[in-house]
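I have placed the structure first, in the form of structure tokens, so that the comments after it can refer back to it.
A quick note: this is a predicted structure, and the numbers were derived from the prediction, not measured. Letters A, B, ... mirror the listed sequences (proteins, then strands); counts begin at 1.
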Amino acid sequence: MNISLIPSKILSSTGDSMLALVGIVTLLLVLLAKEITIFSANPRVKFINKSLNIVLIPLLLVILVNALSKLLDQIRCCQGL
Amino acid sequence: MKARNIATPTPFGHYRLSWIYLALFAGAELLIATANPLPGLALHCLILSALILHSAFIANSDLANLYRSLMVIAILRILSMSLPLDLFLPIARYPLIYLPVLFSIWQVARLSGLRASELRLRTSNLFLQLLIASGGFGLGALEYLILQPSILSEPFAWVSFLTWTLVLLLCAGFCEQLLFSGLLLTFSTRTFGKYAILYVSLLYAALTISSGSLLRCLFAFGIGLSFAFLAKWGNSLLSVSLAQGTANLTVLLLMPYLEGNSTNWLATLTRWVIWVSLPASIGGVFVLWWHFRQGKVESSIQ
């Protein structure tokens, strides 16, 4: 799409339940890593803890959008039946 | 982390891992360009994980912050590939991707203690910046003629046009330039010195590899190089953000409109704006370069 960086290829056009599942597992791992590292005195561990903040919101968005769109897709399928 | 800055000069080979990350991004984009984009996405996820861990083990805080900035690149691509964009209106896709990216940029800037002026969020010499930004119309026309990109098939309406203008200026223009000419250029300048512009431009070009077009890659490299120099010379993101936004606007809306309506007053006006803006912006770039050479532009990069 012109000179902006949005690519023409996407993984799923209707939401992907596997992607949402992988996202949820990753989110749980990230949250677990944050909980484990939050009280560490090691500066390197603290650095990782802060870096994880950078990925949290985008990760949540991927999970929410994929899960909700898949859910809506399923509801639409059921209504069609 | 209280990190120590390395006081010694920064030779080209000293930061070879940064160049390896650049090559990995290019490799991931190459994988996306193939029939199955999943391995490319997986590589982006691996790069992101590696950057999170690697940045914590680096003594040079500027290099660590450069790696944190590179995380945003991986996030941008993961988001743009894993969201079901087809479910949303074309106009909603940009904010959907760029708002979380903006949040990540803000996080990196906050964690690294960058001030707004260090991100080049300032408006020095407003008239000159606007003059240079007007070159975006010519740039967009050039891109449309060379690359023949896929365009929107929407009939012209003022409300839609103004909404698109706002979205493209804020998302495609401001967010991308805040990331490349703000965050990445700042940290890579502190890390690589004179090689910073080359690094950022190559990174920008690498992210267009997934389009599968060599011409587009070369065009993106040229754009990245020009915008990085303009941001450095003017020490402001205003001209480059507006130029990129207007270039996108020209490609997506104005040029297709000109093709369909060649005679009415709006088409004539648009054509005049495109033609007049080119020499005006070239003159503006020359004046900006002259000011930079004379040391009239205040630098915020330490």
Side-chain angles (χ1 to χ4, degrees), chain A residues 1-27 29-30 33-34 36-37 40-76, chain B residues 1-3 29 32-33 37-38 41 45 48 51-53 55-57 64 68 71-72 75-87 93-94 96-97 99-101 103-104 107-108 111 139-140 143 147 149-150 168 171-172 176 204 207-208 210-211 216 219-220 223 244 247-248 251-252:
Chain A
M1 220 175 184
N2 56 69
I3 53 175
S4 84
L5 297 170
I6 298 180
S8 50
K9 280 188 183 174
I10 51 173
L11 283 186
S12 165
S13 55
T14 56
D16 192 331
S17 49
M18 185 53 85
L19 211 59
L21 197 66
V22 171
I24 289 168
V25 173
T26 316
L27 181 68
L29 287 174
V30 168
K34 275 194 74 70
I36 291 169
T37 56
S40 172
N42 186 331
R44 281 174 181 158
V45 177
K46 272 187 183 171
F47 194 91
I48 291 175
N49 183 286
K50 286 177 181 170
S51 292
L52 289 174
N53 290 340
I54 300 167
V55 299
L56 266 181
I57 294 289
L59 189 60
L60 262 174
L61 188 84
V62 169
I63 295 166
L64 276 176
V65 174
N66 271 293
L68 283 177
S69 51
K70 194 68 197 171
L71 191 70
L72 285 173
D73 194 44
Q74 292 292 321
I75 291 170
R76 233 176 279 137
Chain B
M1 185 172 112
K2 295 260 183 213
E29 290 296 306
I32 292 171
L38 198 59
L41 182 65
C45 292
L48 179 61
L51 285 168
I52 291 172
L53 293 173
S55 59
F57 289 87
R68 270 182 169 164
M71 285 178 208
V72 185
I75 289 169
L76 172 66
R77 183 52 85 238
I78 292 167
L79 272 174
S80 61
M81 281 195 67
S82 53
L83 292 175
L85 293 177
D86 286 356
L87 291 178
R93 293 172 192 168
Y94 283 88
L96 192 68
I97 291 173
L99 284 179
V101 166
F103 171 83
S104 297
Q107 281 286 341
V108 175
L111 291 172
L139 198 67
E143 190 198 351
L147 302 177
S150 56
L168 288 173
C171 294
E176 281 183 20
Y204 191 76
L207 289 172
T208 55
S210 57
S211 67
R216 180 166 288 210
F219 193 82
I223 297 275
Q244 184 163 1
N248 283 302
V251 170
L252 287 173

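Proximity to chain A is limited to the side chain of L48(B), based on heavy atoms less than 4.5 angstrom apart. The contact between I52(B) and chain A is made by backbone and side chain atoms together, counting heavy-atom distances below 4.5 Å. At a 4.5 Å heavy-atom cutoff, the contact between L52(A) and chain B is made by side-chain atoms alone.
Side-chain N or O atoms of N53(A) include none that pairs as donor or acceptor with a backbone N or O of Q107(B) at under 3.5 Å.
For F103(B) against I57(A), the heavy-atom pair with the smallest separation is CE2-CG1, 3.1 Å. For L111(B) against K50(A), the heavy-atom pair with the smallest separation is CD1-O, 3.3 Å. Closest non-hydrogen pair, R68(B) versus F47(A), comes out as NH2-O, 3.2 Å.
Separation of atoms CG (L87(B)) and CG (L72(A)) is listed at 8.5 Å; rounding is to 0.5 Å.
A heavy-atom distance below 4.5 Å is not found between the side chains of L99(B) and L61(A). Proximity of S104(B) to V55(A): side-chain heavy atoms (C-beta onward) are nowhere separated by under 4.5 Å.
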